[in-house]
Amino acid sequence: MSWALRTVAFAALTAAGTAAAGWWAVPALAVLWVRTAPCYRGSAPSCALGAALGWAILVGWAAAEGPAGLVAERVGGVLQLPVWGLPLVTVLFPAFLAGAAARGAQPAPPR
Amino acid sequence: MRRQGLGRAGALLALAGLVWMGARGMAPLPPLGPLLDPVRGVWALAASAEFPAEASSRIPGLAGTVRVVYDDRAVPHVFAATELDALRALGFVTARDRLFQLDLQARAGGGTLTELLGARALDQDRETRGLGMTRAAERLAAALPDTGEARASLEAYAAGVNAYLDAMPAGELPLEYRLLGRRPERWSPLRTIHVVLRMGYTLTQNVTELERLRAAAFVGSAAAGALFPWHSPLQQPIQPSHGAPGRVPLVLPPPGPPDSLALAAIAIAPAAPGFPPRIERDVRGSNNWAVAPARTRAGAALLAGDPHLDLTLPSIWYEAHLRVPGVLDVYGITVPGLPAILMGFNRDVAWSFTNVEADLMDWWAEQVDDVARPRRYRLDGGWMAVEERVERYRGPRGEIVGVDTLRFTHRGPMRRVGARWLSTRWTTLESAGETGAFHRAARARTAREWHEAMTPYRSPPQTMLVADRAGTIAIRSTGRFPIRPGDGRGDRIRDGTTRASDWTGDWSVAELPQSTAPPQGFLASANQEPQHPRDQPRYLGGNWIPPWRALRINALLRADSLTTPATMRRWQTDPGSARADFYAPYLLRAASVRPADTALAHAARLLAAWDRRYTRNTEGAVLFEAAMAAASSGVWDELPPGVRPGGGAFVALLDDPTSAWWDVRATPGAVEGRDDVLADALAQGYAAVLRAHGAPESGGWRWSAVHRIHIWHLLRVPSLSKLDVDVAGGPSTISPSSAGGGEGASWRMVVELGREVRGWGTYPGGQSGNPASRRYDDRIPMWQRGELAELRFPRDAESVPTSSVLMLSPAP
């Protein structure tokens with residue numbers, strides 16, 4: 001599976017996993033992903049990007065359901081973030097989570 | 001290999017940190033995982049910002065299906081088969097829109113804010129419990145009969161709130177809980193009583209005993225007594241008193257030597273206790289007025305009401321319509337947490353309240369066995385045991401963040417003030433709100449029936465104005481007013497060692513300030529002294545707010561014999577000021593005695609050119625207010641900071657231009673009179689405005705540039721608040737607002753009682769407590785413009801322009 005395809009697949013998995021089980025799914029899926037489908041080059045960045053993409057899809061879904069702009073403005077304001085800050089943090093958080101989990105769980109390459 | 005190991009260790013460390021941030025957060029950040037989760041976290045607020053076109057849920061105990069139709073202003077119209085079902089539904093829909101506010105208000109009234117907000121709320125909880133509110137609520141809840149209307153309605157409402165909590169999707173958890181990392185608490189009748197007592201706390205403003213004591217410590221008891229007079233020197237009572245003089249003489253004795261007893265009492269006292277909440281009394285105020293058919297264009301009675309309170313987001317009010325065919329059909333506003341429509345109208349009657357500002361709390365000086373740890377207090381020659389109650393304040397995780405031992409006499413809670421122990425009795429602690437009275441009143445067909453239904457209402461006392469379709473208008477200050485022994489006054493600290501000092505009863509209904517269908521054809525109230533002293537010998541309170549708003553309202557009502565709903569609406573934001581009309585000539589006359597002072601002359605010209613209206617574009621108001629502030633400082637320089645008499649004493653002082661109070665202490669070689677102080681005040685005010693806002697031509701004096709109000713979120717989070725809103729009106733106009741800007745008209749309503757009742761209204765906020773909803777603050781622009789929306793009052797669900805429908809059915 002190509003790197004891009006793996007990333008997209010992990011994005012879909014993250015989106016589904018988050019919808020089903022909450023944010024804990026992100027690091028858990030990243031660990032499972034690198035353990036069950038090992039790929040020693042670029043696993044962590046692929047998981048990080050995929051997780052960010054997965055949550056971005058879910059945020060996009062929320063935006064289609066209602067005024068996500070107001071959420072970004074008002075909740076971001078509570079956290080003292082600019083209006084683009086909350087969406088950015090929302091995709092960076094799973095990215096770091098998945099990336100760190102994948103890197104930490106990645107099996108050592110065979111000698 | 002070693003590098004890889006290090007990389008992996010670093011990644012695991014980062015993962016641990018991220019998981020910690022996700023699960024536990026890091027103060028002040030809440031747990032990021034549940035917060036940012038796009039499905040259940042804050043982003044879900046977008047999806048729940050608007051209610052779906054159709055929804056359904058279940059409530060235990062419902063007798064039948066309830067249909068709730070939300071109109072185009074997001075007002076729920078509840079169509080139920082029984083009154084209790086309507087209250088269950090009201091609890092449900094209120095929780096659906098205002099869950100966090102419900103919880104917060106109950107916690108504020110119950111002294112448990114620390115459980116939600118942590119130790120930062122400890123002082124407020126201490127104040128609440130120290131006043132005896134928590135103990136009183138528990139006693140009132142326990143005293144509710146097991147059967148009966150009161151308990152049934154409280155439990156029905158609680159069932160509705162809890163049914164929503166049980167059914168609430170994760171995505172609808174209010175933002176505030178997500179930020180605090182907390183969950184809402186279940187509702188109960190006790191929590192409603194907490195909300196009732198909190199309202200009593202908010203509306204108890206006439207507590208001057210300690211201020212008077214502090215004044216006495218500096219200027220003597222005689223002077224202090226006159227500074228906080230029993231009767232308002234300016235009279236404009238709610239109960240028309242034809243032929244009575246508009247002025248009640250008040251002579252201010254000169255500042256005397258300090259009262260040594262008072263001085264001893266306050267010498268080692270901390271700063272004045274935090275109760276009542278310190279507010280600028282001249283800038284807060286509710287109004288209501290009604291016009292009989294003979295003075296209206298359409299020949300139908302008109303009623304207007306605008307209660308003024310702290311402006312918050314979400315608003316203190318929630319608008320709703322309850323319809324139970326053949327039983328109840330009422331529209332109006334409720335406070336989240338209370339199972340009743342408080343102000344509004346039915347098919348025959350409309351009503352609105354203003355606060356009476358009566359003296360509801362008295363203080364007794366107790367003689368105790370041990371000042372450090374009193375266990376007994378002296379009473380009628382013997383000793384009585386002090387009741388002790390240990391209050392434990394818990395933090396969000398159940399940890400103890402504070403412990404207090406509270407003490408009570410038979411009168412109420414004790415408080416140490418310096419070396420003395422005072423006990424208090426407060427009517428608010430002895431009444432649970434009488435929601436049943438509201439339910440019966442909501443079914444009234446005439447103004448008389450309505451007042452009859454409200455007769456059991458006790459606290460906080462309200463001046464209740466009502467109009468009916470038959471054309472009757474009627475007003476009454478309803479509530480519990482205690483009768484004191486001796487001279488009857490409640491504005492002095494009484495001797496606690498004898499029961500002879502205790503309250504001896506309450507005013508009878510016949511004694512209450514009231515008027516029905518007066519010949520003048522209109523009635524109004526604006527927190528002023530409700531009866532002329534000629535008509536009422538009993539003490540009701542003292543240090544009354546001068547009746548500036550009442551004077552203005554009555555002047556407008558007298559001048560218009562063809563009133564319409566549109567004029568009623570305009571008057572609610574009328575920028576005219578009886579206060580400015582009264583004081584400005586004094587300032588101008590004072591300035592005229594110093595023609596050589598060019599700056600003063602310039603200031604006087606600017607003030608003279610002002611039309612004394614607080615419009616957005618006016619400039620004179622800024623100068624006038626600065627001059628009045630300087631005048632107050634100049635006159636009351638004998639008093640300690642924080643002690644300022646009400647406006648009544650100042651009004652009275654103007655009649656005595658050579659009073660010793662006008663003499664300025666800072667100039668021992670000179671003796672100033674009234675005009676000296678007022679001229680100096682105008683000059684100082686002018687200089688202050690120039691310093692702060694530049695020359696008048698610069699545009700910086702515009703009222704809208706200087707005078708802004710702030711509608712704060714309940715947790716004072718700026719991004720969830722609406723700040724710097726410019727509005728017309730100023731101190732003592734009909735729609736007053738303070739320079740600090742937290743108070744104002746919390747609801748405005750006009751009702752025409754014609755063949756069909758028609759109502760208009762709005763409030764500065766929105767129906768939804770969800771900041772992601774456009775209904776969170778969508779009404780503010782209309783409120784700001786002084787406009788009102790037509791209130792939909794349908795007889796059936798089909799005739800509502802529907803935005804959403806909620807079906808509530810009995811839980812199996």
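Just so it is clear, the model here is predicted, and its values are computed rather than measured. Below, read A as the first sequence line, B as the second, and so on, with proteins coming before strands; counting in each chain starts at 1.
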Please classify the contact between [X] and chain B as side chain, backbone, both or neither, with a heavy-atom cut-off of under 4.5 Å.
{"X": "A:Pro27", "result": "side chain"}
{"X": "A:Leu86", "result": "both"}
{"X": "A:Pro94", "result": "neither"}
{"X": "A:Val89", "result": "both"}
{"X": "A:Ala20", "result": "backbone"}
{"X": "A:Leu79", "result": "side chain"}

- prompt: With a 4.5 Å limit on heavy-atom distance, are the side chains of A:Arg74 and B:Tyr776 in contact?
  reply: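 The answer is yes; the side chains approach within 4.5 Å.
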Which atoms of [X] approach chain A - backbone, side chain, both or neither, heavy atom under 4.5 Å:
{"X": "B:Pro34", "value": "both"}
{"X": "B:Ala16", "value": "neither"}
{"X": "B:Ser48", "value": "neither"}
{"X": "B:Leu13", "value": "neither"}
{"X": "B:Ala44", "value": "neither"}

- request: Using a strict 4.0 Å threshold on nitrogen-to-oxygen distance, state whether B:Arg182 and B:Glu176 make a salt bridge.
  value: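 Between B:Glu176 and B:Arg182 there is no salt bridge, as every charged N stays at least 4.0 Å from the carboxylate O atoms.
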message: Do the side chains of B:Arg186 and B:Asp166 get close enough for a salt bridge, i.e. N-O under 4.0 angstrom?
response: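 Answer for the salt bridge query: yes.
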- prompt: Does the ring center of B:Trp317 lie less than 6.0 Å from the ring center of B:Tyr763?
  reply: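 Ring centroids of B:Trp317 and B:Tyr763 are no less than 6.0 Å from each other.
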- prompt: In terms of ring plane angle, is the pair A:Trp23 and A:Phe93 parallel, tilted or perpendicular, where the classes change at 30° and 60°?
  reply: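 The arrangement is tilted - the two ring planes meet at 30° to 60°.
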- request: For the residue pair B:Phe100 and B:His713, categorise the inter-ring angle as parallel (less than 30°), tilted (30 to 60°) or perpendicular (more than 60°).
  value: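 If you compare the ring of B:Phe100 with that of B:His713, the planes turn out parallel.
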In terms of heavy-atom pairs under 4.5 Å, which option from [options] contacts chain A the most?
{"options": "B:Val39, B:Asn770, B:Leu29", "answer": "B:Val39"}
{"options": "B:Ala11, B:Pro771, B:Pro38, B:Ala49", "answer": "B:Pro38"}
{"options": "B:Leu720, B:Leu35, B:Leu15", "answer": "B:Leu15"}
{"options": "B:Leu45, B:Val42, B:Leu179", "answer": "B:Val42"}

CZ (A:Phe96) with more than 12 external heavy atoms under 6.0 Å: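 No, the 6.0 Å shell around CZ holds no more than 12 heavy atoms from other groups.
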- prompt: Does CH2 belonging to A:Trp24 count more than 12 external heavy atoms closer than 6.0 Å?
  reply: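 Yes, enclosed.
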Separation of B:Trp712 CH2 from B:Leu723 CG (nearest 0.5 Å):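 Answer rounded to 0.5 Å: 4.5 Å.
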task: Run the numbers on B:Glu50 and B:Arg774 for salt bridge (charged side-chain N to carboxylate O under 4.0 Å, His left out), then give the verdict.
output: CA-CA 8 Å; B:Glu50 305 297 332; B:Arg774 66 192 170 90; 3.5 Å; yes
